[in-house]
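The chain is numbered in sequence order, starting from 1. FYI, side chains are in, hydrogens and waters are out, and symmetry mates aren't considered; it's all heavy atoms of this structure.
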Amino acid sequence: MEQNPVAEPLQEVTEAARVPVPMLLPAPTVNPVAYLNGEWEQDLPENHGIEPSWLEEFANELQDKQICAALLIKDGRIVYESYMKEYNKDSQFNLYSCTKSVTSAAVGVAIEQGYLTGVDCQIGDYFPNIENDQMKKITIEQLLNFTSGIDWSESSADGDFVDWMMAENQVDYMLNKNMKHEPGEVFNYSTGSSHLISAILTQATGMTEEEYVKRNIFEPIGIHDYAWWADAQGITFGGLGIWMTARDAARFGQLYLNEGKWGEQQVVPAQWVRTSTSKQGPNEDYGYNWWVDVPHEQQKYSMYNAAGYGGQYIFVVPKFQIVAVVTSRGVEDSSVVTAFKELLDKLE
């Protein structure tokens with residue numbers, strides 16, 4: 001698993017740090033797309049159908065968690081924003097596996113631009129030295145929905161993740177693994193698979209994934225100040241390693257809420273947004289590097305999210321025009337998702 005930063009004791013988080021920062025009163029004339037020009041407007045939650053008491057309940061649900069940042073965007077405006085005492089809107093956070101959802105977006109753009117012929121591309125076309133004939137047939141789609149069949153355990157205790165991170169060459173580590181299942185049959189979460197996607201993007205585009213995303217996704221939507229790890233060979237980590245502010249993470253979420261459009265520019269193909277955030281493969285809750293949550297008897301809305309180790313989330317809820325970002329120092333359960341859904345249920 002990804003490694004979590006050392007956390008300070010919870011009691012050092014002051015009560016003042018757990019409540020929203022003061023909200024700005026709405027301007028006389030409100031630009032509904034001010035974020036397109038690089039800045040988020042703030043507004044009162046009640047102007048967007050959200051009672052302040054609901055946000056207080058949401059904050060109370062999370063008060064015993066080590067939440068570094070919590071940000072709620074409704075109708076393109078910040079209606080709630082809270083930071084732990086040592087952080088603010090300019091602080092960058094390690095988003096861990098939320099990076100995978102950015103990699104998914106990069107694949108969609110690369111297909112649209114003709115660098116990739118589609119998700120049915122086989123990895124043997126990019127790594128001709130693979131000796132295992134079964135591995136050669138793994139497709140980009142199977143890397144995206146974690147059904148590659150490569151023998152892998154994500155556990156940091158007794159799995160592959162630590163060995164993979166410590167390897168001299170992370171791509172070779174994956175390509176020298178054994179196959180455990182037939183490609184396409186079994187869901188098995190794998191950060192190593194996401195890294196292979198990055199290596200494929202590098203070969204296909206002639207740029208590192210970071211360079212390609214910067215040019216084609218981040219810069220068009222106004223994300224300029226961020227960091228992204230790479231391996232010793234210069235391959236951008238496809239499954240982890242992005243650091244950015246909560247507000248910039250929300251920009252990426254807003255891009256998806258807009259079905260890939262930013263102003264008049266179609267940054268990510270709309271069909272790719274819809275496809276990647278719907279069920280793909282045997283796991284009912286997973287698309288192409290996005291977790292999906294479809295309506296059911298008790299839940300009338302759909303949502304999807306990017307999720308990272310230790311409680312990092314980018315939530316997108318189209319029905320309510322909501323994007324939410326939460327960063328944390330070590331939430332190991334689903335309590336953040338539960339608290340967020342309880343807030344959404346009040347909007348129903």
Side-chain angles (χ1 to χ4, degrees), residues 1-24 34-35 38-45 50 52 55-74 76-99 101-102 218 221-229 237 240-254 305-316 322-340 343:
M1 294 287 293
E2 301 153 345
Q3 301 304 295
N4 192 49
V6 176
E8 294 181 5
L10 180 61
Q11 56 267 28
E12 293 188 18
V13 182
T14 65
E15 289 297 325
R18 295 178 182 142
V19 298
V21 296
M23 298 299 168
L24 299 179
Y35 61 83
E39 292 294 334
W40 289 104
E41 284 186 344
Q42 294 175 296
D43 200 358
L44 299 172
I50 299 176
L55 294 174
E56 291 174 11
E57 291 174 21
F58 175 68
N60 289 335
E61 287 288 325
L62 298 180
Q63 67 179 350
D64 61 341
K65 308 295 180 182
Q66 299 198 63
I67 303 301
C68 300
L71 181 64
L72 182 66
I73 308 290
K74 179 80 164 69
R77 298 173 183 82
I78 296 173
V79 297
Y80 176 86
E81 187 171 33
S82 177
Y83 296 95
M84 193 181 285
K85 62 179 180 180
E86 62 265 50
Y87 301 114
N88 56 47
K89 66 181 180 63
D90 298 316
S91 300
Q92 292 186 347
F93 303 97
N94 188 346
L95 299 183
Y96 294 100
S97 285
C98 292
T99 303
S101 300
V102 177
F218 283 174
I221 67 173
I223 297 177
H224 304 291
D225 187 14
Y226 65 93
W228 196 343
W229 296 339
F237 278 111
L240 61 104
I242 287 181
W243 291 71
M244 64 173 57
T245 67
R247 289 188 174 195
D248 278 347
R251 299 181 83 76
F252 181 67
Q254 186 72 38
N305 69 84
Y309 174 67
Q312 327 308 321
Y313 294 99
I314 304 172
F315 296 102
V316 181
I322 280 178
V323 173
V325 174
V326 175
T327 70
S328 165
R329 286 178 168 175
V331 177
E332 298 296 338
D333 57 23
S334 60
S335 56
V336 171
V337 178
T338 300
F340 182 60
L343 173 60

Show the nearest heavy-atom pair for residues [X] and [Y], with the distance to one decimal.
| X | Y | result |
| --- | --- | --- |
| Val79 | Leu55 | O-CD1, 3.8 Å |
| Met84 | Ile67 | CE-O, 3.3 Å |
| Ala250 | Val323 | O-CG1, 3.8 Å |
| Arg329 | Tyr87 | NH2-OH, 3.2 Å |
| Leu62 | Ala339 | CD2-CB, 4.0 Å |
| Trp229 | Leu240 | CE3-CD1, 3.5 Å |

Test Met244 against Ile223 for side-chain contact (heavy atoms from CB on, under 4.5 Å), laying out the working first. CA-CA 9 Å; Met244 64 173 57; Ile223 297 177; 4.1 Å; yes

Let's go through Phe237 and Ile242 carefully: what are the C-alpha distance in whole Å and the side-chain angles of both, what is the deciding distance for side-chain contact (heavy atoms from CB on, under 4.5 Å) to 0.1 Å, and is it a yes or a no? CA-CA 9 Å; Phe237 278 111; Ile242 287 181; over 6 Å; no

Is a donor on one side and an acceptor on the other found under 3.5 Å between the side chain of [X] and the backbone of [Y]?
| X | Y | answer |
| --- | --- | --- |
| Arg77 | Gln42 | no |
| Trp40 | Arg247 | yes |
| Gln312 | Ser97 | no |
| Thr327 | Phe93 | no |

For the rings on Phe340 and Tyr313, is their centre-to-centre separation under 6.0 Å?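 No, the ring centres sit 6.0 Å or more apart.
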
Dump the intermediate steps for side-chain contact (heavy atoms from CB on, under 4.5 Å) on Ser328 and Lys65, then the final yes or no. CA-CA 8 Å; Ser328 165; Lys65 308 295 180 182; 5.7 Å; no

Out of curiosity, [X] [atom1] to [Y] [atom2], how far, rounded to the nearest 0.5 Å?
| X | Y | atom1 | atom2 | result |
| --- | --- | --- | --- | --- |
| Ile78 | Glu39 | CD1 | CD | 9.0 Å |
| Gln254 | Tyr35 | CD | OH | 4.0 Å |
| Trp243 | Tyr226 | CH2 | OH | 15.5 Å |
| Leu44 | Tyr80 | CG | OH | 15.0 Å |
| Cys98 | Tyr96 | SG | OH | 11.0 Å |
| Ile221 | Phe252 | CD1 | CZ | 7.0 Å |

Would you please name every residue forming a side-chain contact (heavy atoms from CB on, under 4.5 Å) with Asn88, sequence neighbours left out?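 Scan of Asn88 (side-chain contact (heavy atoms from CB on, under 4.5 Å), adjacent residues dropped) gives Asp90, Ser91.
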
Those residues that, when tested against Ser334, pass side-chain contact (heavy atoms from CB on, under 4.5 Å) (two or more places apart):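 For Ser334, the residues satisfying side-chain contact (heavy atoms from CB on, under 4.5 Å) (neighbours in sequence not counted) are Thr338.
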
Is the shortest side-chain heavy-atom distance between Tyr83 and Lys89 below 4.5 Å?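 A side-chain contact under 4.5 Å exists here.
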
Quick one, Val102 with Leu95, criterion side-chain contact (heavy atoms from CB on, under 4.5 Å). Give me CA distance, side-chain angles, the key distance, then yes/no. CA-CA 11 Å; Val102 177; Leu95 299 183; over 6 Å; no

Report yes or no: do Gln92 and Asp248 form a side-chain donor-acceptor pair below 3.5 Å?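 Per modelled atom types, Gln92 and Asp248 side chains form no pair under 3.5 Å.
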
